[in-house]
There are 2 protein chains.
Amino acid sequence: MLSESVKDCIRALIYLALNQDKEYISVKEIAVKLNLPFFFLAKNIQKLVKEGILDSYRGPKGGITFKKPLNEIRILDIIKSIDGDSLFRKCILGFEECSDDNPCAIHQRWVPEREHLKELFSQSLQDIVNDIKVGKVKNIKL
Amino acid sequence: MLSESVKDCIRALIYLALNQDKEYISVKEIAVKLNLPFFFLAKNIQKLVKEGILDSYRGPKGGITFKKPLNEIRILDIIKSIDGDSLFRKCILGFEECSDDNPCAIHQRWVPEREHLKELFSQSLQDIVNDIKVGKVKNIKL
DNA sequence: TCAATTTAAGATAATTTTATCTTAAATTTT
DNA sequence: AAAATTTAAGATAAAATTATCTTAAATTGA
């Protein structure tokens with residue numbers, strides 16, 4: 001469903017969102033705290049920097065921080081930046097051209113589900129942070 | 001979402017379901033008609049034979065046929081046979097242990113969606129064939 | 001029986017994804 | 001200025017997925 005890269009990045013950004021007090025947080029710290037492979041995470045984080053979701057700063061005291069407010073960063077944006085948007089756009093059976101007029105055998109049942117998925121991932125980091133901070137969800141895994 | 005193998009198999013089985021008049025249909029015929037790579041399809045079809053979804057018969061006039069009635073073969077069964085059931089069972093962020101008591105940050109929102117997906121794929125080949133034969137869906141791509 | 005056809009099984013190869021490493025550049029602290 | 005820290009970029013490697021091929025076994029029909 002989601003690639004390893006995306007999963008890592010989502011976790012990293014939730015961690016970052018929950019620790020926004022400091023100016024910059026190093027990728028190293030995130031990798032250690034979340035037990036993620038540093039080099040792999042660093043490479044994927046770079047993509048989010050290029051996409052304009054994160055800002056980065058080198059040197060000691062350097063690290064990454066958000067470039068946008070949390071409520072403007074959706075899980076969907078993270079997924080699109082890393083994996084692309086094919087999951088929310090393409091035919092479930094892989095047909096290049098599959099539409100209402102020219103549907104695959106599952107099209108009419110799949111399209112609403114696809115929209116449903118898109119909605120789910122439209123939750124923002126702010127939404128997630130709220131769930132956690134309000135205590136709606138406890139013993140959260142990061 | 002779904003592997004190439006699964007997509008090919010679903011398409012192949014829908015084709016098979018729509019052409020059940022003959023006793024056996026060769027994998028070759030399906031591969032040609034659906035423009036699928038023969039060797040790849042043949043290998044994956046073998047798994048469905050082993051899973052008890054299909055029967056096969058060698059030699060000229062040989063091929064494959066269903067081992068169960070169409071209403072007992074769900075898309076879910078095809079997916080499980082080829083890709084496994086992790087999509088419908090595992091945590092969206094990849095945590096091995098993620099439950100209501102010990103959830104990841106997206107758990108509570110993901111679980112209902114996962115159930116929704118499972119329901120979608122619980123449609124049987126018979127359901128799909130009905131949609132097509134009743135003319136509910138036209139210009140279908142196979 | 002023999003040739004043709006078709007699945008069975010597994011070896012091999014190509015591609016993509018995931019993971020790791022190396023070097024460089026920027027920045028801070030001493 | 002020098003040392004330490006951290007991201008940047010891209011090379012390299014490992015693993016998983018996808019694709020192809022080869023040989024064998026079974027079956028049919030001439």
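In what follows, every chain begins at residue 1, and chains take the letters A, B, ... in the order their sequences are listed.
- Checking side-chain atoms of A:Arg114 against main-chain N and O of A:Arg89 turns up a donor-acceptor pair under 3.5 Å.
- Spacing between atom CG of A:Asp8 and atom P of C:dA19 amounts to 7 Å, rounded to whole angstrom units.
- Classified by interplanar angle (parallel below 30°, tilted 30° to 60°, perpendicular above 60°), the ring pair A:His116/B:His116 is parallel.
- Here the side chain of A:Asn102 pairs no donor or acceptor atom with the backbone of A:Ser99 at under 3.5 angstrom.
- Of the charged side-chain nitrogens involved, none lies within less than 4.0 Å of a carboxylate oxygen, so that B:Asp127 and A:Arg109 do not count as a salt-bridged pair.
- If you walk DNA chain D from 5' to 3' and mark each nucleotide with an atom closer than 4.0 Å to a heavy atom of chain B, the marks span D:dT18 to D:dT28.
- For NZ of B:Lys141, the number of neighbouring non-hydrogen atoms (other residues, nucleotides, ligands) closer than 6.0 Å is greater than 12.
- When rounded to the nearest whole Å, the span between CD of B:Glu4 and C1' of C:dT17 equals 14 Å.
- Judged by distance alone, the side chains of B:Asp131 and B:Gln123 never bring a donor and an acceptor atom under 3.5 Å apart.
- When heavy atoms are screened at a 4.0 angstrom cut-off, A:Tyr57 is found touching the sugar-phosphate backbone but no base atom.
- Residues of residues 36-43 of chain A that place a heavy atom closer than 4.0 Å to DNA chain C, in numerical order, are A:Pro37, A:Phe39, A:Phe40, A:Lys43.
- Nucleotides of DNA chain D nearest to A:Pro60 and A:Val49 differ in position, and the one nearer the 5' end is that of A:Pro60.
- For B:Ser122 against B:Arg74, the heavy-atom pair with the smallest separation is O-CG, 3.4 Å.
- Mapping B:Lys50 and B:Gly59 onto DNA chain C by nearest heavy atom places B:Gly59 closer to the 5' end of the strand.
- Between B:Phe88 and B:Phe121, the angle of the ring planes goes over 60°, which puts this pair in the perpendicular group of the 30/60° scheme.
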